[in-house]
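See structure below.
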Amino acid sequence: MTALLWGLPGDPTMTAVRRAVAALGVPAVFLDQRQVLDTRVELRVGSGVDGRMSGDGIDLDLGRVGAAYLRPHDGTRVPAVRDAAPGSPRWRHARYVDDTLTAWADMTPALVISRPSASASNGSKPAQLREIAACGFAVPETLVTNDPAAVASFLDTHGEVVYKSTSAVRSRVRRLDPGDALRLDAVVACPTQFQRRVPGTDVRVHVVGAEVFATRIISDADDYRYAVRQGLPRAELHSTDLPDDVAERCRRLASRLGLPVAGVDLRVTPDGDWFCFEVNPSPAFSYYEAGTGQPIAAAVAGLIAAAVTCVAFRGAR
Amino acid sequence: MRLILAHRHDVAARELAARWGGEALLLTPADLHDERLLLTVNGRGEARAELPSRPSVTSVLSRLAGVGPADLDHVDPQDLGYAAAELDAFLRAWLGAWPGPVVNRPTTTCLNGPGWRPEQWILAAAAAGLPVRPVRRLVPSCGDLTPGPPGGGGPPGGPINGSPAGEGGPARAGPINGSPAGGGLADFGAGPGGDMVRVSVVGDRWFGAVLDEIGRTLCTLARASGCVLLEAMLDPAGTVLHAGAWPDVSTPDVAAALASILDRRPG
């Protein structure tokens with residue numbers, strides 16, 4: 001049995017997991033997405049799932065994959081394809097490979113970190129908020145609308161309001177200031193998400209199986225990821241411990257969303273209330289690992305190793 | 001009033017709207033631009049979806065796989081991708097929070113049911129106890145690639161880690177076993193010609209010339225997939241060749257059964 005890792009070699013999080021898997025001596029195949037044009041995939045489905053993948057020196061029976069770690073990017077954006085016109089043979093090939101491996105990942109009995117259908121849970125942040133609240137976290141009051149009058153009323157009610165993308169498209173969290181209030185008519189173009197601003201300290205939690213790694217973030221920025229761009233000092237990261245019940249809520253949330261590995265964005269208020277904003281299904285945890293020394297990649301590799309070992313053990317019986 | 005959300009090319013949705021007359025309102029994603037749309041979530045995660053511009057709407061039939069750039073030709077081209085992703089994300093939450101009946105309910109990957117690819121439907125049908133014809137999909141290396149079938153624009157759906165939306169939506173034309181995943185290289189193994197049986201499931205009822213046992217099992221498949229509406233194509237021996245969430249809703253039997261489900265009062 002083997003592990004399959006699929007992504008880009010320049011991705012620091014993928015690199016960290018590859019190293020950690022190698023350190024554990026787990027047999028692993030790395031599918032370099034840059035070589036997508038050489039990749040051949042066959043998928044067979046009836047009452048079970050089977051298939052084969054080859055190319056770039058790889059020849060892999062997909063039925064022998066016991067665990068998969070996926071961090072693929074859009075295959076049409078890799079260097080070998082990015083200049084290809086949409087609909088061209090290269091472009092279509094990249095799409096087919098992405099789609100076929102994604103289909104396999106949603107069906108294989110192997111451990112997948114994380115299944116594409118589960119990873120889509122943050123495709124709609126307000127929909128994900130309901131899952132978050134179901135696990136016992138407070139969530140910020142939220143309005144998504146294309147009605148300027150509704151936004152003005154929401155602003156009146158809550159005073160401090162932030163806005164951000166509704167979808168998984170990466171966006172910076174920004175505060176709605178009085179100047180923006182004059183531009184509210186722009187929301188008629190597209191439903192836009194507004195949230196009551198919750199004061200407090202950000203805590204990023206990485207759930208890896210049953211393990212929980214929490215990082216406290218010190219920053220004055222509305223979105224600490226963009227502190228430097230706002231002219232503020234770089235965010236400080238500190239490893240921290242969570243109250244047991246909060247850690248348990250994080251585990252439950254990751255499990256509810258079907259995510260073996262998840263990045264959970266929390267904020268603890270001065271009153272000690274724990275809010276959760278969203279869950280990242282494919283967290284780039286290397287940033288937090290570098291800032292705190294937490295062994296997150298090693299924990300991910302441990303999950304992969306356990307899954308590969310268990311499947312191999314079952315097969316040997 | 002029943003709201004039908006559909007892509008503009010969805011002929012069956014248009015015919016259904018015509019059949020239902022004043023009891024239905026058909027809107028495309030582009031039409032939503034002119035509506036007032038509201039979704040609120042309180043601190044306990046309780047969501048409320050509203051359509052203040054259409055207060056008579058009580059239920060929703062979703063025929064949308066997702067919202068893509070092609071659905072929004074009124075938007076500035078440089079904003080198309082973002083606007084489509086945002087409207088799609090909004091509808092996913094809005095449909096999930098709508099207080100009345102929604103058929104089919106959205107999932108993380110699709111605005112109409114599970115958004116499964118043909119292979120996932122076959123796997124699920126087999127798990128439900130139905131005989132299936134195995135599916136094979138082959139993607140040769142690019143050097144061996146020959147052009148796909150006409151009209152195949154590649155697999156549908158958005159970013160790979162976003163919403164795969166395996167089903168591309170209702171068939172634009174022709175049989176539902178035409179091009180898998182939007183026109184890929186799959187082989188459904190269906191023989192040439194032959195008499196295939198089309199079955200539509202609406203809740204606990206099915207419409208199509210199949211044995212009761214198969215009809216009941218197709219209803220089980222619908223429930224397992226989280227769908228009220230389902231379509232399956234079978235060969236004369238009752239082997240499932242294809243299934244999906246886009247039956248022809250314009251036929252009288254299906255339209256009537258669907259109306260009775262959409263008109264149920266919540267609670």
Side-chain angles (χ1 to χ4, degrees), chain A residues 37-47 49 55 72-75 87 89-93 95-100 102-103 106-107 116-121 123-127 129-130 132-134 138-147 150 165-169 189-191 281-282, chain B residues 33 36-47 52 75 82-83 85-90 92-94 96-97 107-109 114 117 119-120 122-123 126-127 132-145 147-148 152-155 157 159-164 166 181 184-185:
Chain A
L37 296 182
D38 294 331
T39 303
R40 177 186 187 278
V41 192
E42 180 182 5
L43 185 60
R44 295 182 298 271
V45 180
S47 56
V49 183
H73 292 65
D74 181 345
R90 278 187 294 157
W91 185 91
R92 289 165 62 106
H93 177 80
R95 294 281 301 217
Y96 292 154
V97 169
D98 281 359
D99 190 68
T100 305
T102 300
D106 262 332
M107 291 186 286
S117 54
S119 292
S121 72
S124 173
K125 288 170 184 158
L129 277 184
R130 302 178 71 188
I132 289 169
V139 297
E141 288 86 347
T142 298
L143 168 72
V144 192
T145 189
N146 62 351
D147 181 353
S165 66
T166 308
S167 67
V169 175
C190 184
S282 185
Chain B
H33 179 260
R36 285 180 66 210
L37 304 165
L38 271 177
L39 173 74
T40 54
V41 184
N42 69 17
R44 295 180 300 281
E46 295 161 344
V75 175
Y82 182 74
E86 290 290 285
L87 184 56
D88 184 282
F90 169 81
R92 212 165 292 265
W94 188 85
T107 59
T108 57
T109 51
R117 294 167 177 78
E119 296 88 349
Q120 290 169 284
I122 289 296
L123 190 64
V132 299
R133 183 164 293 176
V135 184
R136 174 175 176 260
R137 190 201 293 214
L138 173 64
V139 185
S141 67
C142 194
D144 301 331
L145 190 68
I160 192 163
N161 59 348
S163 50
L185 301 177

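Quick caveat: nothing in here was measured; it's all calculated off a predicted structure. Note on naming: letters A, B, ... go to the chains in the order of the sequence lines (proteins, then strands), and numbering restarts at 1 for each one. Excluded from the calculations below are hydrogen atoms, water molecules and symmetry mates; all remaining heavy atoms, backbone and side chain alike, are included.
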Working to the nearest 0.5 angstrom, can you tell me the gap between A:Asp99 CG and B:Arg137 CZ? 4.5 Å
Can you tell me how far CD of B:Glu86 sits from NZ of A:Lys125, rounded to the nearest 0.5 angstrom? 7.5 Å
Does any heavy atom of chain B fall under 4.5 Å from the side chain of A:Pro140, the backbone, both, or neither of them? backbone
Quick check: does any side chain N or O of B:Thr108 sit under 3.5 Å from a backbone N or O of A:Ser117, one acting as donor and the other as acceptor? yes
Among the listed options A:Ser165, A:Cys190, A:Ala127, A:Ala138, the residue most often paired with chain B at heavy-atom distances under 4.5 Å: A:Ser165
So, for B:Phe90 and A:Thr166, which heavy atoms are closest and what is the spacing to 0.1 Å? N-CG2, 4.0 Å
From A:Thr145 OG1 over to B:Leu39 CG, what is the distance, rounded to the nearest 0.5 angstrom? 9.0 Å
Closest heavy-atom contact between A:Ser124 and B:Ala89? OG-O, 2.7 Å
Leading residue by heavy atom contact count with chain A [cutoff under 4.5 Å; candidates B:Gly43, B:Gly45, B:Ala126, B:Ala97]: B:Gly43
Under 4.5 Å heavy-atom distance to chain B, tell me which part of A:Ala150 shows up: side chain, backbone, both or neither. side chain
Which distance, rounded to the nearest 0.5 Å, do you find between the CG of B:Leu38 and the CG of A:Asn146? 7.5 Å
With a 4.5 Å cut-off on heavy-atom pairs, point out which of A:Ala189, A:Pro126, A:Pro191, A:Ala133 contacts chain B the most. A:Pro191
To the nearest 0.5 Å, what is the distance between CD1 (B:Ile122) and OG (A:Ser47)? 11.0 Å
Which heavy atom of A:Ala103 sits nearest a heavy atom of B:Arg117, and at what distance? CB-CD, 3.2 Å
If you tally heavy-atom pairs under 4.5 Å between each of B:Val75, B:Leu123, B:Asn42, B:Thr40 and chain A, the highest tally belongs to B:Leu123
Over all atoms of both residues, closest heavy-atom pair of A:His93 and B:Cys142: CE1-N, 3.4 Å
Under 4.5 Å to a heavy atom of chain B? For A:Val169 that would be side chain
Strictly distance-based, threshold 3.5 Å: is any side-chain N or O of B:Glu119 a donor or acceptor partner for the main-chain N or O of A:Arg44? no
Relative to chain A, which segment of B:Ala127 carries a heavy atom at a distance below 4.5 Å: side chain, backbone, both, or neither? neither
Let me know if A:Ala134 has heavy atoms under 4.5 Å from chain B in its side chain, its backbone, both or neither. neither
Sort B:Arg44 into side chain, backbone, both or neither according to what part of it lies under 4.5 angstrom from a heavy atom of chain A. backbone
Point-to-point distance, once rounded to the nearest 0.5 Å, from CZ of B:Arg136 to CD of A:Glu42: 4.5 Å
